[in-house]
Amino acid sequence: MSVFKIHTFTTMDYTPLTKASKLPEVKTTIFTTVGNLARKHKAINLSQGFPNFKADSKLKSLVNEAINIGYNQYAPMQGYYGLREVISDKIETLHNRQYNPESEITVTVGATQAIFTAITAFINKGDEVIVIKPAYDCYEPAITLNGGIPIYVQLDAPDYKIDWTAFQNKITDKTKMVLINTPQNPSGTILTKWDMEQLEKILKPTNIILLSDEVYEHIIFDGQVHESASRFPDLANRSFVCASFGKTFHVTGWKMGYCAAPAELMAEFRKVHQFAVFCVDHPVQRALAIYLKNPSHYLDLNNFYQ
Ligand SMILES: Cc1ncc(COP(=O)(O)O)c(C=O)c1O
């Protein structure tokens, strides 16, 4: 007689696979829903932040050239150095903050990957992250996936301004990170110099990390100035500043962005980045490194939109 008992599986033995979901609340995104409706009704799709202007033919030629020259293998993990160098020059010229291209700038798969990577590198179970609502939809799942707890500061119509006293009241000894977005999606508000100074004052006595999503940095009107976190030394010293070439050059489909942060923070960021994507599209990086050398390519965007 066999000593092995043959077990017959019944449906009772199985936990449904979906029970293992780490994001049980997440359904189809609003972008997919509205995108499908827009296609069905041949409507203009305003649900997603992609421009319907054509990419500059100069930029497209530069990408073609890079492919033809043969930049078709992996780029360096942190990004092509030549691109990191021009990004560093751009930030220094616009915001008077020096980022070392070697250790403080990483090229990413759009701003989304930069945001996800920064959150993953620092948020542990039970850490609180302050999120200004309404917010772009990738923040919350990234926090939750890492065991963090989103803590909301709600903005209200008509001006969608941050009440800094209410904001300060949300800070606890568990607050690990604050997420801001200026110019803001979806409200279109911007954080002024005064706003950034309030934030700087509030964060100064803490060791809270700031994640500043600045993908619309060059889409700002009426002579207003984009107040990047990199302009404020006490903020810059604790910040990940995330940007997107997709938004700036009408090439959202290329998914190309970057993140700038002090070396100590960036070292942790890169530990995640190297295993999440390792590196980013090489020919596009080569092309952008040349294209970005002409500042009018991004500085004229305000007037274009105005
Ligand atoms: C506020 C905000 N952050 C980030 C992103 C994503 O940028 P990327 O396409 O470079 O990942 C978007 C895209 O709509 C956005 O609106």
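These figures come from a predicted structure and were not determined experimentally. Side-chain atoms are counted along with the backbone in the values below, which use heavy atoms only and exclude waters and symmetry mates. Whatever order the structure lists ligands and atoms in, that order sets their numbers, starting from 1.
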Exercise. Under the criterion ring pair (Phe, Tyr, Trp, His ring centres under 6.0 Å), which of Phe240, Phe275, Phe122 is the partner of Phe269?
Worked result: Phe240
Please tabulate, one line per pair, the protein nitrogen or oxygen atoms found under 3.5 angstrom from a nitrogen or oxygen of ligand 1, with distances to 0.1 Å, or say none if there are no such pairs.
unit_1   : atom_1 : unit_2 : atom_2 : d
ligand 1 : 3 (N)  : Asp213 : OD1    : 3.4
ligand 1 : 3 (N)  : Asp213 : OD2    : 2.6
ligand 1 : 9 (O)  : Lys255 : NZ     : 3.3
ligand 1 : 10 (O) : Ala111 : N      : 2.8
ligand 1 : 10 (O) : Ser244 : OG     : 2.7
ligand 1 : 11 (O) : Ala111 : N      : 3.1
ligand 1 : 11 (O) : Thr112 : N      : 2.9
ligand 1 : 11 (O) : Thr112 : OG1    : 2.5
ligand 1 : 11 (O) : Lys255 : NZ     : 2.6
ligand 1 : 14 (O) : Tyr216 : OH     : 3.4
ligand 1 : 14 (O) : Lys247 : NZ     : 2.6
ligand 1 : 16 (O) : Asn185 : ND2    : 2.7
ligand 1 : 16 (O) : Tyr216 : OH     : 2.6

Exercise. With no hydrogens and no angle check, do the side chains of Lys255 and Thr112 hold a donor and an acceptor under 3.5 Å apart?
Worked result: yes
Exercise. With a cut-off of under 6.0 Å to the ring centre and 45° to the axis, is Arg84 in cation-pi contact with Tyr258?
Worked result: no
Exercise. Under a 4.0 Å N-O cut-off, is there an ion pair linking Arg97 with Glu104?
Worked result: no
Exercise. Under 3.5 Å, side chain of Arg231 to main-chain N/O of Leu94, donor-acceptor pair present?
Worked result: yes
Exercise. Salt bridge between Glu197 and Lys201, side-chain N to carboxylate O under 4.0 Å?
Worked result: no
